[in-house]
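See below for the structure under consideration.
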Amino acid sequence: LSHLPFCFFSGSSPPICRPCEVRTPASGRGSRVELAAVMDEAGSSASAGSAPRGGRPARSGVFYKFTQQDLPAWKPAMTPGYVIAIFLIIGIIFVPVGLICLQASNRVAEIVHRYDIDCVPDAYRSNKQAYIKDSSISKKCIQKVKVQYHMKAPIYVYYELDNFYQNHRRYIKSRSDKQLRHGLQYTDSSCSPIERSNGLPVVPCGLIAWSLFNDTYDFTRGSMGLMVDRKNISWRSDREHKYGKDVYPFNFQNGSLIGGGKLDPDIPLSNQEDLIVWMRAAALPQFRKLYGVIEEDIQADETITMHITNNYNTYSFGGKKSLVLTTSTWLGGKNDFLGYAYLITGSSSIFLCILFALIHVKIPR
């Protein structure tokens, strides 16, 4: 037993054997070193003499190093100086950006006028549902507002609804996108409960279309009318890809229970832009939807007369209706949230920068 064979196996390659000399315990340390050297030599010979199995790269390849997490990596040491500098840079960038966003938002001229209460006759103030459901009562309403700031065209006209949950699960699922694109042959159970009326399919079917908003607005400035452009108020992708050019309203709002507005049966759905805007459901109970665009400037201190047809029933569920006239900037409409978010984040970063700097000066690492 003075010489024992030591064999190294590498995958499918033939074993490589080397003689291994067994020594006395006195020289045990040297034998272990020699044994390790023999194993390293055998492993090197196996790697060099045999091809990679299955086309996999050798141990020196990038893939092997990646799988064994042996690639070089950047591991920053977050010293107090680095942390203080990062917070300072964030504060220096975010605070000016927040001020710019707030300035852009404040440049937007906006008029928000709630009319659902004022447009109810005094005799029906205590019973608004009776008023809105009685078709013999005129729903015409005239409201006047004074413009506080110069409004530069284009001026966007929105209607705003509050306490209207378009994101309700049963409501938002009550539609058929295939039918909107291809026609009444795709009327299915997803439109329940507005699927059929008088035994015939309804196009467009579903609760969303059935509850179409149908208040109307006209505007005058003195004795001159303000034209409202109702074209191109919906997304072009919706008009071209979601609503069929050869799909027409059929049997719509012909049942005993009328939900909202009616549609012209001679106009295809791709041109019914009020419907297209309404069918894009809102995520929150308070939302605005585009009604049209005024392509004329309105000067400060002018009085605008709004001719409203108050048809839509929000009184049964405690909703609110408002008419919005607003301009826009490079950042969009009036919204202070983004500016305040940048300001608060930047200010907090500067505060933490100062705090950590004081701690580092007083208790250095």
TODO: Test Thr309 against Lys140 for side-chain contact (heavy atoms from CB on, under 4.5 Å), laying out the working first.
DONE: CA-CA 5 Å; Thr309 306; Lys140 299 292 184 180; 3.4 Å; yes

- [ ] Check the angle between the aromatic planes of Phe317 and Phe164 and answer parallel, tilted or perpendicular using the 30° and 60° thresholds.
- [x] perpendicular

- [ ] Over 60° means perpendicular and under 30° means parallel, so classify the ring planes of Tyr291 and Tyr217, tilted if in between.
- [x] perpendicular

Within one Ile-Leu-Val-Met-Phe-Trp-Tyr cluster: [X] and [Y], side-chain cutoff 4.5 Å:
{"X": "Leu212", "Y": "Tyr165", "value": "no"}
{"X": "Leu352", "Y": "Ile93", "value": "yes"}
{"X": "Ile172", "Y": "Ile276", "value": "no"}
{"X": "Tyr312", "Y": "Ile132", "value": "no"}
{"X": "Ile90", "Y": "Ile350", "value": "no"}

Could you measure the distance from the [atom1] atom of [X] to the [atom2] atom of [Y]? Nearest 0.5 Å is fine.
{"X": "Tyr156", "Y": "Ile233", "atom1": "OH", "atom2": "CD1", "result": "12.5 Å"}
{"X": "Ser270", "Y": "Arg181", "atom1": "OG", "atom2": "CZ", "result": "8.5 Å"}
{"X": "Ile304", "Y": "Leu325", "atom1": "CD1", "atom2": "CG", "result": "7.5 Å"}
{"X": "Asn254", "Y": "Ser197", "atom1": "CG", "atom2": "OG", "result": "6.0 Å"}
{"X": "Glu240", "Y": "Trp235", "atom1": "CD", "atom2": "CH2", "result": "14.0 Å"}
{"X": "Gln143", "Y": "Asn310", "atom1": "CD", "atom2": "CG", "result": "9.5 Å"}

Do [X] and [Y] have side chains that approach each other closer than 4.5 Å (heavy atoms only, starting at C-beta)?
{"X": "Arg288", "Y": "Val112", "value": "yes"}
{"X": "Asp297", "Y": "Met151", "value": "no"}
{"X": "Val95", "Y": "Leu343", "value": "yes"}
{"X": "Leu275", "Y": "Pro204", "value": "yes"}
{"X": "Met279", "Y": "Leu180", "value": "yes"}
{"X": "Asn106", "Y": "Lys334", "value": "yes"}
{"X": "Lys320", "Y": "Arg114", "value": "yes"}
{"X": "Ile86", "Y": "Met78", "value": "yes"}

Any donor-acceptor pair under 3.5 Å from [X] side chain to [Y] backbone:
{"X": "Gln272", "Y": "Ile267", "answer": "yes"}
{"X": "Ser174", "Y": "Arg170", "answer": "no"}
{"X": "Gln129", "Y": "Asn313", "answer": "no"}
{"X": "Asn335", "Y": "Phe337", "answer": "yes"}
{"X": "Ser176", "Y": "Tyr186", "answer": "yes"}
{"X": "Lys362", "Y": "Ile359", "answer": "no"}
{"X": "Gln166", "Y": "Ala282", "answer": "yes"}
{"X": "Gln253", "Y": "Gly261", "answer": "yes"}
{"X": "Glu195", "Y": "Ser190", "answer": "no"}
{"X": "Lys289", "Y": "Leu161", "answer": "no"}

Kindly check if the number of other-residue, nucleotide or ligand heavy atoms within 6.0 Å of [atom1] ([X]) is above 12?
{"X": "Tyr342", "atom1": "OH", "answer": "no"}
{"X": "Arg236", "atom1": "CZ", "answer": "no"}
{"X": "Glu296", "atom1": "CD", "answer": "yes"}
{"X": "His307", "atom1": "NE2", "answer": "yes"}
{"X": "Arg107", "atom1": "CZ", "answer": "no"}
{"X": "Tyr124", "atom1": "OH", "answer": "no"}

TODO: Run through Asp215, Asp116, Asp118 and flag the one making a salt bridge (Lys or Arg N to Asp or Glu O under 4.0 Å) with Lys321.
DONE: Asp215

Can you see which heavy atom on [X] is nearest to which on [Y], and at what distance?
{"X": "Gly183", "Y": "Val247", "value": "N-CG2, 3.6 Å"}
{"X": "Val202", "Y": "Gln179", "value": "O-NE2, 2.9 Å"}
{"X": "Val108", "Y": "Gly333", "value": "CG2-C, 4.0 Å"}
{"X": "Trp330", "Y": "Ala104", "value": "NE1-CB, 3.7 Å"}
{"X": "His360", "Y": "Pro80", "value": "ND1-CB, 3.6 Å"}
{"X": "Cys353", "Y": "Phe87", "value": "CB-CB, 3.9 Å"}

TODO: For Asp336 and Ser105, test the side chains for any donor-to-acceptor distance below 3.5 angstrom and give the result as yes or no.
DONE: yes

Task: Any donor-acceptor N or O pair under 3.5 Å, side chains Tyr171, Ser211 - done: yes

Open item on the list: Run the side-chain contact (heavy atoms from CB on, under 4.5 Å) test on Asn232 and Arg239 for me, step by step, so that the C-alpha distance in whole Å, both residues' side-chain angles and the decisive distance to 0.1 Å come before the verdict.
Closed with: CA-CA 9 Å; Asn232 299 321; Arg239 296 194 301 268; 3.4 Å; yes

Open item on the list: Apply side-chain contact (heavy atoms from CB on, under 4.5 Å) to residues Val277 and Phe213 and explain how you reach the verdict.
Closed with: CA-CA 10 Å; Val277 171; Phe213 187 81; over 6 Å; no

Task: Residue pair Lys231, Glu273: steps toward the salt bridge (Lys or Arg N to Asp or Glu O under 4.0 Å) verdict - done: CA-CA 7 Å; Lys231 295 292 184 181; Glu273 295 204 50; 5.3 Å; no

TODO: Kindly confirm or rule out a cation-pi arrangement of Lys139 over Tyr131, judged by NZ or CZ under 6.0 Å from the six-membered ring centre and within 45° of its axis?
DONE: yes

- [ ] Evaluate the side-chain contact (heavy atoms from CB on, under 4.5 Å) criterion for residues Phe252 and Val203: first the C-alpha distance (whole Å), next the side-chain angles of each, then the deciding distance (0.1 Å), finally the verdict.
- [x] CA-CA 6 Å; Phe252 185 70; Val203 180; over 6 Å; no

